[in-house]
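The structure displayed is predicted, hence computed values, not measured ones.
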Amino acid sequence: PLALAASERPRRCAGILPRASEGGASSPDGASAAEAPDAARTEPDPPPTKQEVEAQQLRYLQGAMVSMGCFVIPGAAPLGLVAYLYSAIPYMRNVERSLLRDRKVNVDVLFFTADALTFGTRNFFTAAFGLTLIHHGRYMVSKARDDSAKMVAHLYREMPNTVWKVVDGLEIETPLADIQAGDLIAVTSGTVIPVDGVIEDGIAQIDQQALTGEAQPAEREAGAAVFAKTIVLAGRLIIRVERSGADTTSAQIADMLLNAVSFKSGVQLKGERWADQAALPMLASAGVLLPVAGPVSTAVFINSHIGARILMFAPLTTLRHISEASQLGVLVKDGRALEELAAVDTILFDKTGTLTTGEPEVVRVTTLHEPSERDILAYAATAERKLTHPIATAILKRAEAAQVLPFEVEDSQYHLGYGTSVVVNGEMVRVGSLRFFQREAFRIPAAVLTMQQDAHAAGNTFIVVGIGRRIEGVLELQPQVRPEARELMAQLRALGIRHLAIVSGDDEGPTQRLARDLGMDECFCNVLPEAKAQIVESLQAKGRVVCFIGAGINDSIALKKANVSMSIAGATSIAKDMAEILYMDGSLKHLVDIVELSRRLDVNLRRSLMLCLVPSAVNIAGAFVLNFSVLTSLLVNVVCGAVGVSGVFY
């Protein structure tokens, strides 16, 4: 099979024409040497938590600010010196690590040199001010990252401490941490659903916006799935628990978000690379400049370096945009994907589950003998009414729309993989696939075989209804195109996406019709999973930046290969795991919003980079032409920093 798969290639559908167009030394974990059985095996202390790092940064910032104050108060200079040296501890450590362990000159070495030159000229206040600015910038980024993570994660993690567990009909208040899979809990109006589970009893209006981004409440009743962190607006539910605590969808999303905000954007990585590459030449230049221009101009020259600013502006910008996406119900698992999406010029869509929904619709009911079409629909609804698979749901929806009531059932049996049989008024009624009737030794009329061939050629599902020993009617079900699909394609065109295509394992006929209906440039039919990835790679070889949107197991390889990968809630687990961007409402209606958001991120990241370069140019002029003091150069950096931060948050 693998050899056969490798030999097959996707076929382009005819008639679809391309358009123009951060660690210090290890320390023991608290046990004394006498207590440790083997000193060589003593484990190092665990790394500090984010809260501990942030608190430490705040202490160093406060120490630098205290030293500033002391240097302007008569007689307090000795205390200022102590505070300054305390605040310089992390810098000294970083410089030592860079020079002795890493054997390189980085931004920390560079700026510590500038601050030492300033301190050496007895400009103690200015030296303390420079140290304060550096600590403030790092603290600000750390706090912004933590605040951003909390802002998006609180949407998915906050839960009540206790819940009402149903035991033998009684409701007992129980700690949420004690709830296990299989327990029953009661949830009433105005409360947060604390688990993932299935409704056993009741009906309620549920606000799912925090999880999916849906603005409108959803009505849910027995049999429906519900998720943690959604809110019961009206009604009362008894829920059988499937997942709780860290296993819930909301908790997993929170973990993904906390991970996402740790990624560095490409602009930040590029800026940091430039900063590190420029550090040694700038330090060497400063060494040449020092005996010629003196320590003040040399310190001003060093203050023109972009390193400290790029470390602040770029992450603040990316964090803000990830937060915006989460408010739309879109989970960005890797901030770099959001950045790269701005450059995408080709979008490939898987067909089933992506452009079409998981639920088909009945498009045709045909009767072969005496029963009317309403009777055939009634018999089909009777057989399917206790089932929850998509075909049964589609038949029941069609019956409800036609105001057709199911018959009373005397007996029923479900035949896995074939269909259902029920007894109505003493007569056996079978509803299922044609092979069900072949297995039951029915005589299959030639007309039914022809109708099945036509239905399959159109990509539709074919359901047969038999009464007694005779086939009486058939139903044809068609996959539903997502309602947002047509408008979505037009909007993507307006955004300048050059190439839109369907990549599907389905037959040519239905795939081609859908491609034409949606105005696609191209479609690929009968595509095996390996071939989907080959299509992505071939387009990338032509210089295209490819986004692949898929929902199935067979899309996982292509999702991995694409520049940007997307999937939707309701897709297979592997597709959701592979995707870098996930639409939590189960639709693609926010795809255009995310593309536009990515382009705003791109513009803002480039603006952040420019805002890093402007004070560099001013300070270079200040060092050689304008005779800036060190304090003036620092104030230039402060002003541009304030403008940059304002641009990020407003």
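- With rounding to the nearest 0.5 Å, the separation of NE2 in His590 from CG in Leu488 is 12.0 Å.
- Listed by chain and residue number, nothing satisfies the salt bridge (charged side-chain N to carboxylate O under 4.0 Å, His left out) test with Lys560 (two or more places apart in sequence, or in another chain).
- In this view, Arg600 and Glu324 satisfy the salt bridge (charged side-chain N to carboxylate O under 4.0 Å, His left out) rule, not counting sequence neighbours.
- For Arg398 (side chain) and Glu361 (main-chain N/O), no donor-acceptor pair under 3.5 Å exists by modelled atom type.
- The salt bridge (charged side-chain N to carboxylate O under 4.0 Å, His left out) check on Glu537 picks up Lys561, with sequence neighbours excluded.
- The distance from atom CD1 of Ile581 to atom CG of Leu597, rounded to the nearest 0.5 Å, is 9.0 Å.
- In this structure, the side chains of Val198 and Glu242 come closer than 4.5 Å at one or more pairs of heavy atoms.
- Within the 4.5 Å cutoff, no side-chain heavy atoms of Thr356 are placed close to those of Gln480.
- Remark: Arg364 pairs with Glu476 by the side-chain hydrogen bond (donor to acceptor under 3.5 Å, both in side chains) rule, at least two apart or across chains.
- Among residues two or more places apart in sequence or in another chain, the side-chain hydrogen bond (donor to acceptor under 3.5 Å, both in side chains) test is passed with Glu596 by none.
- Residues satisfying the side chain to side chain contact (heavy atoms under 4.5 Å, CB included) criterion with Ala399, sequence neighbours excluded, are Leu377, Ala381, Val404.
- In this structure the side chain of Val527 never reaches within 4.5 angstrom of the side chain of Gln534, judged on heavy atoms.
- With sequence neighbours excluded, no residue satisfies side chain to side chain contact (heavy atoms under 4.5 Å, CB included) with Ala490.
- Not counting sequence neighbours, the partners of Leu233 by the side chain to side chain contact (heavy atoms under 4.5 Å, CB included) test are Gln205, Asp207, Pro217, Ile231.
- Inter-residue side-chain proximity for Leu355 and Leu518 is flagged as met; some heavy-atom pair is nearer than 4.5 Å.
- Residues Tyr583 and Lys589 have side chains not in contact (no heavy-atom distance under 4.5 Å, counting atoms from C-beta outward).
- Thr346 is linked by a side-chain hydrogen bond (donor to acceptor under 3.5 Å, both in side chains) to nothing, counting only residues two or more places apart in sequence or in another chain.
- Here the closest heavy-atom approach between residue Val636 and residue Pro615 is recorded as CG1-CB, 3.9 Å.
- Arg599 and Leu495 get closest at one heavy-atom pair: NH1-O, 2.6 Å.
- Scored by the salt bridge (charged side-chain N to carboxylate O under 4.0 Å, His left out) test, Asp345 finds Arg498 as partners (sequence neighbours excluded).
- Screening Asp196, Val195, Ile206 against Phe227 for a side-chain contact (heavy atoms from CB on, under 4.5 Å) leaves a single residue, Asp196.
- The side chain to side chain contact (heavy atoms under 4.5 Å, CB included) check on Leu500 picks up Ile347, Phe349, Met489, Leu492, Arg493, Ile497, Met520, Asp521, with sequence neighbours excluded.
- Of the possible polar contacts, one joining the Ser98 side chain to the Lys104 backbone as a donor-acceptor pair under 3.5 Å is found.
- Applying the side-chain hydrogen bond (donor to acceptor under 3.5 Å, both in side chains) test to Gln540 and every residue at least two apart in sequence or in another chain returns Asn563.
- Side-chain atoms of Ser538 come within 3.5 Å of backbone atoms of Ile535 as a donor-acceptor pair (strictly under, hydrogens ignored).
- The structure places CD of Glu580 at 13.0 Å from CZ of Phe548, a figure rounded to the nearest 0.5 Å.
- Between Leu539 and Leu348 there is a side-chain heavy-atom pair separated by less than 4.5 Å.
- The one candidate from Val330, Leu559, Ile549 that meets the side-chain contact (heavy atoms from CB on, under 4.5 Å) condition with Met566 is Ile549.
- Side chains of Val344 and Val595 form no contact here, defined as non-hydrogen atoms less than 4.5 Å apart.
- No side-chain heavy atom of Val474 sits less than 4.5 Å from a side-chain heavy atom of Ile463.
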